[in-house]
Amino acid sequence: MRYRIMRLIVMFDLPVETSIEQREYRQFRKALLSEGFLMMQESIYVRVVTNQKAANLLEKRIKAFVPKDGLIQTLQVTEKQYASIHFLVGEPKNDIKNRDDKVIVI
């Protein structure tokens, strides 16, 4: 199997006007974190995956816990595309958890 390290990006805009919506938002965010996603910025989370098949399977798992309202989108990009992000303001996080060289393929 050929491995092509990729990133799966989840972007969402969820309503938080009622207490039920706020609870659904918190549960969705916690579920993303438990799936290994890291917050890039508010409402944008990213995770390293080994290939497109793994990204597709992860998208299916996310579908199982999405709230019924709001907007949730995913974007699959290669590691090379992800590395070409331009920072107009601010600095990249050199967080050890956010590096692709820490991915172990078994």
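If you're wondering where the values come from, they're calculated on a predicted model, not measured in any experiment. Values reported hereafter were calculated over all heavy atoms of this structure, with side chains retained and with hydrogens, waters and symmetry mates removed.
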Please name the pair of heavy atoms, one in Asn51 and one in Met6, separated by the smallest distance, quoted to 0.1 Å. C-SD, 3.7 Å

If I compare all heavy atoms of Ala54 with all of Thr50, which pair ends up nearest, and what's the gap? CB-OG1, 3.7 Å

With side-chain contact (heavy atoms from CB on, under 4.5 Å) as the criterion, how do Asn56 and Gln76 come out once you've worked through the C-alpha distance, each side chain's angles and the decisive distance to 0.1 Å? CA-CA 9 Å; Asn56 292 338; Gln76 296 178 17; 2.8 Å; yes

Between CD on residue Gln52 and CG on residue Leu57, distance to nearest 0.5 Å: 11.0 Å

Across all chains, not counting sequence neighbours, the side-chain contact (heavy atoms from CB on, under 4.5 Å) partners of Thr18 are Ile20, Glu21

side-chain hydrogen bond (donor to acceptor under 3.5 Å, both in side chains): which pairs involve residues 23-46, sequence neighbours left out? Arg29-Tyr45, Glu35-Arg61

Tabulate below the donor-acceptor pairs under 3.5 Å that side-chain atoms of residues 66-75 make, not counting sequence neighbours, or state none.
from	atom 1	to	atom 2	distance (Å)
Thr74	OG1	Glu59	OE2	2.5

Mind checking what makes ring-ring contact (aromatic ring centres under 6.0 Å, His included) contact with Phe28, not counting sequence neighbours? Phe12, Phe65

What do the steps show when you test Tyr82 against Ile5 for side-chain contact (heavy atoms from CB on, under 4.5 Å), and what is the final call? CA-CA 10 Å; Tyr82 184 80; Ile5 303 297; over 6 Å; no

